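These figures come from a predicted structure and were not determined experimentally. For ligands, and for the atoms within them, numbers begin at 1 and follow the listed sequence.
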Amino acid sequence: MESIKTIEWAAGRVRIIDQTRLPHQRVYLDIRTPQEMVAAIQAMRIRGAPALGVAGAYGLALGGLGIRAGSRAQFLAQLRPIAEELCAARPTAVNLSWGVQRLLAKAEASEYPQVEKLQQLLVAEAQRVQQEDLEANRRLGAHGARLIPQEATVLTHCNAGALATAGYGTALGVLRAAKEAGKALKVYVDETRPLLQGARLTAWELVEEGIPATLIVDSMAGHFLRTGGIQCVVVGADRIAANGDVANKIGTYSVAVLAKENGVPFYVAAPTSTIDLSLPSGDQIPIEERSPSEVTHIGEVPLAPVGVSVANPAFDVTPARYVSAIITEGGIVYPPYEEGLRRICGR
Ligand code: MRU
């Protein structure tokens, strides 16, 4: 997977792999403006919480490059609404606004009077966000690998792999690190309706990585948790509240409850950029509602009768009591979570 770049800076543009075309087509897109970045994010051409953090940061850097301003104050005044537009592209993964706000704060805190210097500063900081995410994934992977038995069958949901991050992955980073440590793995992959991130992206990453993967439809997870000799579940996260409640792809909550019912540990792997200590619990996490067409159709193919009412929340919240441990780049946090999460985030 090292050769596939989820996102990269390419001389004044941002190149992303179009994840809606994977696994059968490798199409790269050049993003030139923050508006194009917002559109790519909303269309899920780039997705996954940490990758959205990097995309948001690069989106603001592109915005900065497009500003024609005579002074630092004018530059910052034009930059702020661009930041707002980017943050609003998708609401659940906190990494998006975290990446955007980090760049905005960097520009606001800098002393540079020259617009050109501010523009360069934003590009450099976005590249730093990307590099730090890659390093965080490798560190959290090494921590998480300790939780994986020498021979293990693992279940995962959605895609928390290299494609969802700057590279290597969170949940899949843990599995990659376990493999690198010589552990023998098998992975059940939930297909993850409606947009099939499991079937299209996780299954692809695991096949490329040479980790034996079995694709199942989401409703099979309970059956295999009860009968399949699964040693643990490892998933990513879009936002983790201060009490350890976890928002992740719709369907994660059901998997967590079924895991607990069957005595299977349920691990969440996420960088600290996914932890939102400003929210006391998962009840305050905004849940994105997406287009009904994602449920009534698979791709372009219609399934349901015209006129049926549809609900399509893209995420759910798993209460902390179902989460056995949260794996971060700073180490593994066990319940009760609040103190441990604050310590690991340095707050
Ligand atoms: O809607 P998506 O595809 O952006 O949702 C992605 C997930 O829910 C992932 O599990 C999460 O972002 C963690 S990615 C390391």
**Q** Any atoms of ligand 1 less than 4.0 Å from a non-hydrogen atom of Ala49? List them with their elements.
**A**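 Ligand 1 atoms under the 4.0 Å threshold to Ala49: 12 (O), 14 (S).
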
**Q** Could you tell me the residue and atom name of the protein heavy atom closest to atom 7 (C) of ligand 1, and the distance to it rounded to 0.1 Å?
**A**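 Answer, as residue, atom name and distance: Asp238 OD1, 3.3 Å.
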
**Q** Which residue from Ile41, Val268, Asn248 reaches closest to atom 10 (O) of ligand 1 through any of its heavy atoms?
**A**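 Nearest heavy atom to atom 10 (O) of ligand 1 lies in Asn248.
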
**Q** Please determine if Leu52 has a nitrogen or oxygen closer than 3.5 Å to a nitrogen or oxygen of ligand 1.
**A**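 Looking only at distances, the answer is no, because the N/O contact criterion of under 3.5 Å is not met.
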
**Q** Would you please determine whether Arg90 falls within less than 4.0 Å of ligand 1 on a heavy-atom basis?
**A**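 A heavy atom of Arg90 does come that close to ligand 1.
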
**Q** Any Lys/Arg nitrogen of Glu191 or Arg193 sitting under 4.0 Å from an Asp/Glu carboxylate oxygen of the other?
**A**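 No salt bridge links Glu191 with Arg193.
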
**Q** Centre of Tyr28's six-membered ring, under 6.0 Å away, within 45 degrees of the axis: is that where NZ or CZ of Arg15 sits?
**A**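 Arg15 over Tyr28 ring: no.
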
**Q** Using 4.0 Å as the upper bound for N to carboxylate O, is an ion pair formed by Glu132 and Arg102?
**A**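 A salt bridge links Arg102 with Glu132.
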
**Q** Report the relative orientation of the aromatic rings in Tyr253 and Tyr322; use parallel for angles under 30°, tilted for 30 to 60°, perpendicular for over 60°.
**A**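 If you compare the ring of Tyr253 with that of Tyr322, the planes turn out perpendicular.
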
**Q** Report yes or no: does a heavy atom of His157 sit under 4.0 Å from some atom of ligand 1?
**A**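 The answer is no: ligand 1 sits nowhere under 4.0 Å from a heavy atom of His157.
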
**Q** Applying a 4.0 Å heavy-atom criterion (strictly less than), which segment of Ala160 is in contact with ligand 1: side chain, backbone, both, or neither?
**A**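 Both of them.
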
**Q** Does any donor atom in the side chain of Ser281 or Asn243 lie under 3.5 Å from an acceptor atom in the other side chain?
**A**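 No pair is found: no donor N or O on one side chain lies under 3.5 Å from an acceptor on the other.
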
**Q** I'd like to know if Ala93 contacts ligand 1, where contact means a heavy-atom distance under 4.0 Å to any ligand atom.
**A**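 The answer is no, since Ala93 has no heavy atom less than 4.0 Å from ligand 1.
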
**Q** Which ligand 1 atoms, with their elements, are less than 4.0 angstrom from a heavy-atom of Thr170?
**A**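 By the 4.0 Å cutoff, the relevant atoms are 15 (C).
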
**Q** Taking atom CD of Glu151 as the centre, report whether more than 12 heavy atoms of other residues, nucleotides or ligands fall under 6.0 Å from it.
**A**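 12 or below, so no.
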
**Q** I'd like to check whether Pro50 has a polar contact with ligand 1, where a contact means an N/O of the residue lying under 3.5 Å from an N/O of the ligand.
**A**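 Such a contact does not occur with ligand 1.
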
**Q** Side chain or backbone, does Lys249 bring an N or O within less than 3.5 Å of an N or O on ligand 1?
**A**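 Yes, since at least one N or O of Lys249 sits under 3.5 Å from an N or O of ligand 1.
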
**Q** Hydrogens and angles aside, do Glu135 and Gln131 bring a side-chain donor and acceptor to less than 3.5 Å of each other?
**A**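 Short answer, yes.
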
**Q** Phe266 ring centre to Lys260 NZ or CZ under 6.0 Å, with the angle to the axis within 45°?
**A**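 Judged by the rule (NZ or CZ under 6.0 Å from the ring centre, within 45° of its axis), Lys260 is not positioned above Phe266.
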
**Q** Salt bridge or not for Arg239 and Asp276, using N-O below 4.0 Å?
**A**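 Asp276 and Arg239: salt-bridged.
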
**Q** If the cut-off is 4.0 Å to any non-hydrogen atom of Ala237, which atoms of ligand 1 fall inside it?
**A**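 Numbered from 1, ligand 1 contributes 11 (C), 12 (O), 13 (C).
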
**Q** Does only the side chain of Thr252 get under 4.0 Å from ligand 1, or the backbone, or both, or neither? Count heavy atoms.
**A**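 For Thr252, no heavy atom sits under 4.0 Å from ligand 1.
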
